Novice: 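One structure, pasted below without further comment.
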Amino acid sequence: MQKLRDEIVAKCKALLEDGTVDRVIGWEKGLFDYDCSPATFTKENIDELVYNEYCGSNLSKYLVKESKAEGNVAVLLKPCDTYSLNELLLEHRVKKEKIFVLGIPCGGMKDEKGELLMKCNTCKGNEHKIADEVMDSDLTVPEARDRFELVEKLDGMTPEERFAFWQGELSKCIRCNACRNVCPACTCLKCVFDNHASGIDSKANADSFEEKMFHIIRAFHVAGRCTDCGECSRVCPQGIPLHLFNRKYIKEINELYGEYQAGETEDSRPPLANFTKEDAEPSVIYEKGRD
Amino acid sequence: MYKLSIDNLNELFALIGQDSKVYAPIERAGQVEFFLWSVEEKVRLDALNTVKSAKGFFFPQTEVLYKTKLEGKKIEIEAAEDAEEPTVYFGVRACDVKSFDVLDKVFLSEPVDSYYAAKRKHGTIVSMACSKPADTCFCGLFGIDATSPAGDVVTWIVGDTLYWDSKTEKGEALTVKVKELLVDADDVEVKKQQTEVKEMIAKAPLHDLSLEGFGGDALDELFNSPKWEALSSACLGCGTCTFVCPTCQCYDIRDYDSGHGVQKFRCWDSCMYSDFTMMAHGNNRTTQLQRFRQRFMHKLVYFPANNDGDFSCVGCGRCLQKCPQSLNIVKVIKALGGKKND
Ligand code: SF4
Ligand code: SF4
Ligand code: SF4
Ligand code: SF4
């Protein structure tokens, strides 16, 4: 991977030299080997850019901020990260003309224990869905497991068992908002949970009802827009499997409206934001809700 | 010094539990936190740091301070939950015990926070020495000895034996209460473990940090450092670092209309949030750079300026482990501190 990293740096240098971009968003080394951080580079410090198996964070959301800054920016995106950028473009949250997307191959990303990240177990594949250029490499993503495996297991539980499972997980939540703030689909200028005028703003879960409310609202707000990039579960300090909420909604949407992968292209019609005569009737809720 | 077999831990907790509450590190849904002990729970004394720190014992994440009830022209005031109940906190690590000193300086100085004070007064702390510090630990930087924590009773686990040494009056009282389970012991094994662990700490990755250049005198220079920009640029403005930190102490208070009165509610707040210290004229920190700077300046500059040079970090390493983007106080210390960190 060192060779690929050197080639990426050489490419970024060329982009900075010829004026295509003013900055590069990539990763820098942390205190240890396993804690790389997102960082912004210029001509002066581009040699500090790293790319290794600890660069799991998805850099696409930083483009919202970068789109408002002066000048152009190059961004390093792994295959899965490109879905998030497409979704951001679809929702007009970033300006493509200011961005140079350098697609970088991926061989699977790891956590601090050296284990494959949850998201990489169900990788969407080697293809970059949007890129101005893709770096060449023989790296290949790990073989994917079925991403609905656990959702189906939960679906198979009795309502009481399922409730107990989620109660156990969500009662760990400390409402740090890491899952929300890292999410590339969460780009509201002011989140309802931060907006005093919304009447439901809150900084802490005062009881078990509020624990669930935050999560159900969060997941509903990204339903049909979530690309399943897995960042929410990666960052949760309590190891709550938030991706299972998202995947539940993705599975339901697939079943009700036909297969849909958010972020596949930058001009798709999201099923929940698009009306067709074939759409599921609202009454499906009554049939589905019972067990 | 006394000892007891760790097979007898549940009996110890049950005995203490006869007339007080017992909190211990307990695993639920894969994570270890301090929870109220009961015999069904899975106690995890081997886990190093709980996700949330021990500060919640005395400064809980959410708390109803009081309620008022309005009937016609009569206002009735209902006091907060009873905080007078004796409580034993078992298995608190050296860094977290030290964090109580930091919190005491805030909550027990005038005007005293009576909610905090009541819980602190009725709490007995049984600390536990560390035998396997993590790569992310750097408590030594703040003069903390992980092999010899403070606390009312200090414990060490060597093999299958728990060693017990009381250090204060409260500790003595607890020792008397559980005497029937304890047997006399010498400190040979404890000393041996301490020597080994100290050697490990001396070789740990973060053992040679320096705080040179921090403290109240450095205010202007550090505040205006151009390095904050790069340090903070990846910050998401989530509150993870502040909520897992044992010394972060800021809170928000709101009055809620309960339909027939008012509920006075307090919860943890985070300087990383956009509405932190919001005032009538708006917010005095409008960028994430300013908010990020506030957190670290508070710990390394403002707090020592107001508290005889004591820092408001205890080196527990939680912010190193939990920040989604791996930003943390050690990076700040290395970037802004003296040459010794190079
Ligand atoms: S999901 Fe696939 S592309 Fe994304 S980081 Fe994991 S292995 Fe790489
Ligand atoms: S990241 Fe985890 S702990 Fe934080 S708010 Fe989200 S679910 Fe809760
Ligand atoms: S420093 Fe890290 S944990 Fe703290 S607010 Fe920023 S991103 Fe969140
Ligand atoms: S700043 Fe970080 S290392 Fe220091 S006490 Fe807080 S969480 Fe622990």
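Since the model is a prediction, treat every value here as computed from it, not as a measurement. Just so it is clear: chains get the letters A, B, ... in the order the sequence lines come, proteins before strands, and each one is counted from 1.
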Novice: Tell me whether A:Asn181 contacts the main-chain N or O of B:Gly237 through its side chain, where contact means a donor paired with an acceptor under 3.5 Å.
Specialist: yes
Novice: Determine yes or no for a side-chain-to-main-chain donor-acceptor pair under 3.5 angstrom, with B:Gln31 supplying the side chain and A:Lys172 the backbone.
Specialist: no
Novice: Can you confirm whether the side chains of A:Glu112 and B:Gln321 place a donor and an acceptor under 3.5 Å from each other?
Specialist: no
Novice: Between B:Glu229 and chain A, which part of the residue has a heavy atom less than 4.5 Å away: side chain, backbone, both or neither?
Specialist: neither
Novice: Do any of residues 204-217 of chain A come closer than 4.5 Å to chain B, heavy atom to heavy atom, and if so which ones, in number order?
Specialist: A:Ala204, A:Asn205, A:Ala206
Novice: Please look at B:Thr62 and chain A and tell me whether the side chain, the backbone, both or neither of the residue comes under 4.5 angstrom of a heavy atom of that chain.
Specialist: side chain
Novice: Checking B:Asp135 against chain A: side chain, backbone, both or neither under 4.5 Å from a heavy atom?
Specialist: both
Novice: Output, in order, the C-alpha distance, side-chain angles, deciding distance and verdict of side-chain contact (heavy atoms from CB on, under 4.5 Å) for B:Phe243 and A:Asn177.
Specialist: CA-CA 10 Å; B:Phe243 286 180; A:Asn177 295 317; 5.9 Å; no
Novice: Which atom pair, heavy atoms only, marks the closest approach of A:Ile174 to B:Gln61?
Specialist: O-NE2, 2.9 Å
Novice: Please check if atom CG in A:Asn195 has more than 12 non-hydrogen atoms from other residues, nucleotides or ligands closer than 6.0 Å.
Specialist: yes
Novice: Nearest 0.5 Å, please: how far is OG in A:Ser57 from CG in B:Leu236?
Specialist: 9.0 Å
Novice: At under 4.5 Å between heavy atoms, what parts of residues 260-267 of chain B are in contact with chain A? List them by residue number.
Specialist: B:Phe265, B:Cys267
Novice: Tell me, side chain or backbone of A:Arg180 under 4.5 Å from chain B's heavy atoms, or both, or neither?
Specialist: neither
Novice: Working note: B:Asp252 + A:Lys203, criterion side-chain contact (heavy atoms from CB on, under 4.5 Å); need CA distance, chi angles, decisive distance, verdict.
Specialist: CA-CA 9 Å; B:Asp252 195 359; A:Lys203 283 182 181 149; 2.7 Å; yes
Novice: Among B:Cys323, B:Cys238, B:Pro205, single out the residue with the greatest number of heavy-atom pairs under 4.5 Å to chain A.
Specialist: B:Cys238
Novice: Could you tell me which of B:Gly239, B:Ala234, B:Gly30 has the largest number of non-hydrogen atom pairs under 4.5 Å with chain A?
Specialist: B:Ala234
Novice: Among A:Asp35, A:Val182, A:Leu31, A:Ile25, which residue has the highest count of heavy-atom pairs closer than 4.5 Å to chain B?
Specialist: A:Leu31
Novice: If I compare all heavy atoms of B:Val51 with all of A:Pro237, which pair ends up nearest, and what's the gap?
Specialist: CG1-O, 3.7 Å
Novice: Is the shortest side-chain heavy-atom distance between B:Lys322 and A:Val235 below 4.5 Å?
Specialist: no
Novice: With chain A as the partner, which of B:Val244, B:Asp269, B:Leu327 has the greatest number of non-hydrogen pairs under 4.5 Å?
Specialist: B:Asp269
Novice: For the residue pair B:Tyr273 and A:Cys176, what are the closest heavy atoms and their distance?
Specialist: OH-O, 3.2 Å
Novice: Mind listing the closest non-hydrogen atom pair of B:Pro324 and A:Arg234 along with its distance?
Specialist: O-NH1, 3.2 Å
Novice: Please determine, by modelled atom types, if A:Ser37 and B:Lys331 share a side-chain donor-acceptor pair under 3.5 angstrom.
Specialist: yes
Novice: Side chain, backbone, both or neither: which part of B:Thr242 has a non-hydrogen atom closer than 4.5 Å to chain A?
Specialist: neither
Novice: Please look at A:Lys65 and chain B and tell me whether the side chain, the backbone, both or neither of the residue comes under 4.5 angstrom of a heavy atom of that chain.
Specialist: side chain
Novice: Do the side chains of B:Arg28 and A:Ser171 get nearer than 4.5 Å, heavy atoms only?
Specialist: no
Novice: Could you give the distance from OG1 (B:Thr240) to CZ (A:Arg175), rounded to the nearest 0.5 Å?
Specialist: 12.0 Å
Novice: Any side-chain heavy atom of A:His196 within less than 4.5 Å of one from B:Asp275?
Specialist: no
Novice: Let me confirm one number: the OH-OG distance from A:Tyr62 to B:Ser233, rounded to the nearest 0.5 Å.
Specialist: 7.5 Å
Novice: Report which part of A:Phe41 has an atom under 4.5 Å of a heavy atom belonging to chain B: side chain, backbone, both, or neither.
Specialist: neither
Novice: Is it true that B:Arg254 and A:Asp201 make a salt bridge, defined as a side-chain N closer than 4.0 Å to a carboxylate O?
Specialist: yes
Novice: Within a 6.0 Å radius of atom NZ on A:Lys190, are there more than 12 heavy atoms belonging to other residues, nucleotides or ligands?
Specialist: yes
Novice: Answer yes or no: does atom CZ of A:Phe220 have more than 12 heavy-atom neighbours from other residues, nucleotides or ligands under 6.0 Å?
Specialist: no
Novice: Between A:Cys236 and chain B, which part of the residue has a heavy atom less than 4.5 Å away: side chain, backbone, both or neither?
Specialist: neither
Novice: Given 3.5 Å as the limit, does a donor-acceptor pair link the side chain of B:Gln325 with the main chain of A:Pro38, or not?
Specialist: no
